[in-house]
Q: 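Below is a structure I'd like to ask you about.
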Amino acid sequence: MEEMAMINWELLLPIILIQFVLMVIALIDIFKAKETRGPKGLWIVIVIVVNFFGPIAYFIFGRKK
């Protein structure tokens, strides 16, 4: 339990919030998009599993516009 007390939540919380917002926005965009570069199911898995870099990868490589 000492490890949890040593975590600086003031620094970690904004990173967690940014990651969560990116993930939600990417998932909404995937579901609204008619087509993506690659299968939608794969992008959903990547966005959820790869956390911070998954949504960024989707916005760079997965969107078809």
Side-chain angles (χ1 to χ4, degrees):
M1 294 304 273
E2 281 185 34
E3 294 85 20
M4 293 297 287
M6 293 175 54
I7 294 175
N8 190 347
W9 289 104
E10 293 173 359
L11 294 175
L12 194 58
L13 190 60
I15 295 170
I16 293 170
L17 289 174
I18 291 169
Q19 185 273 329
F20 181 74
V21 169
L22 274 174
M23 183 176 67
V24 169
I25 292 171
L27 290 173
I28 289 170
D29 192 69
I30 291 169
F31 286 115
K32 285 185 175 183
K34 292 182 182 181
E35 288 185 23
T36 60
R37 292 184 189 151
K40 282 187 176 187
L42 179 61
W43 279 116
I44 292 170
V45 170
I46 290 171
V47 165
I48 292 172
V49 173
V50 183
N51 291 332
F52 192 75
F53 296 106
I56 294 171
Y58 168 71
F59 288 122
I60 293 172
F61 303 113
R63 294 181 80 187
K64 202 171 202 182
K65 281 194 175 186

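A quick note: this is a predicted structure, and the numbers were derived from the prediction, not measured.
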Q: Which of these passes side chain to side chain contact (heavy atoms under 4.5 Å, CB included) with I28: I30, V24, I25?
A: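 Among I30, V24, I25, the one that satisfies the side chain to side chain contact (heavy atoms under 4.5 Å, CB included) with I28 is V24.
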Q: Is it the case that one hydrophobic cluster holds both L27 and V49, taking links as side-chain heavy atoms less than 4.5 Å apart, direct or via other members?
A: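 No; V49 is not reachable from L27 via cluster members.
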Q: Heavy-atom count check: over 12 atoms from other residues, nucleotides or ligands less than 6.0 Å from F53 CZ?
A: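 12 or below, so no.
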Q: For E10, give me all partners under side-chain hydrogen bond (donor to acceptor under 3.5 Å, both in side chains), at least two apart in sequence or on another chain.
A: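 So E10 forms no side-chain hydrogen bond (donor to acceptor under 3.5 Å, both in side chains) with any residue.
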Q: If hydrophobic clusters are built by linking Ile, Leu, Val, Met, Phe, Trp and Tyr wherever their side-chain heavy atoms come under 4.5 Å apart, do F52 and V45 end up in the same one?
A: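 Different hydrophobic clusters.
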Q: Is there a path of hydrophobic side-chain contacts, each under 4.5 Å between heavy atoms of I, L, V, M, F, W or Y residues, that connects F61 with F31?
A: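 F61 and F31: one cluster.
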Q: To the nearest 0.5 Å, what is the distance between OH on Y58 and NZ on K40?
A: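 Y58 atom OH to K40 atom NZ measures 7.5 Å (nearest 0.5 Å).
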Q: Once you round to the nearest 0.5 Å, how far does CD1 of I46 lie from CD1 of I48?
A: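 Spacing of CD1 (I46) from CD1 (I48) equals 11.0 Å.
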Q: In this structure, would M23 and L13 fall into the same cluster of hydrophobic residues linked by side-chain contacts under 4.5 Å?
A: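 No, M23 and L13 fall in different hydrophobic clusters.
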Q: Using modelled atom types only, decide if a donor and an acceptor are shared between the side chain of W43 and the backbone of R63 within a distance under 3.5 Å.
A: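 No, because the side chain of W43 does not come within donor-acceptor range (under 3.5 Å) of the backbone of R63.
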Q: Under 4.5 Å between any side-chain heavy atoms of D29 and T36, yes or no?
A: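 When only atoms from C-beta onward are counted, T36 and D29 do not touch, as no gap falls below 4.5 Å.
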Q: For L22, run the side chain to side chain contact (heavy atoms under 4.5 Å, CB included) check against N51, I56, V47, L17 and tell me which one passes.
A: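 Result for side chain to side chain contact (heavy atoms under 4.5 Å, CB included) with L22: I56.
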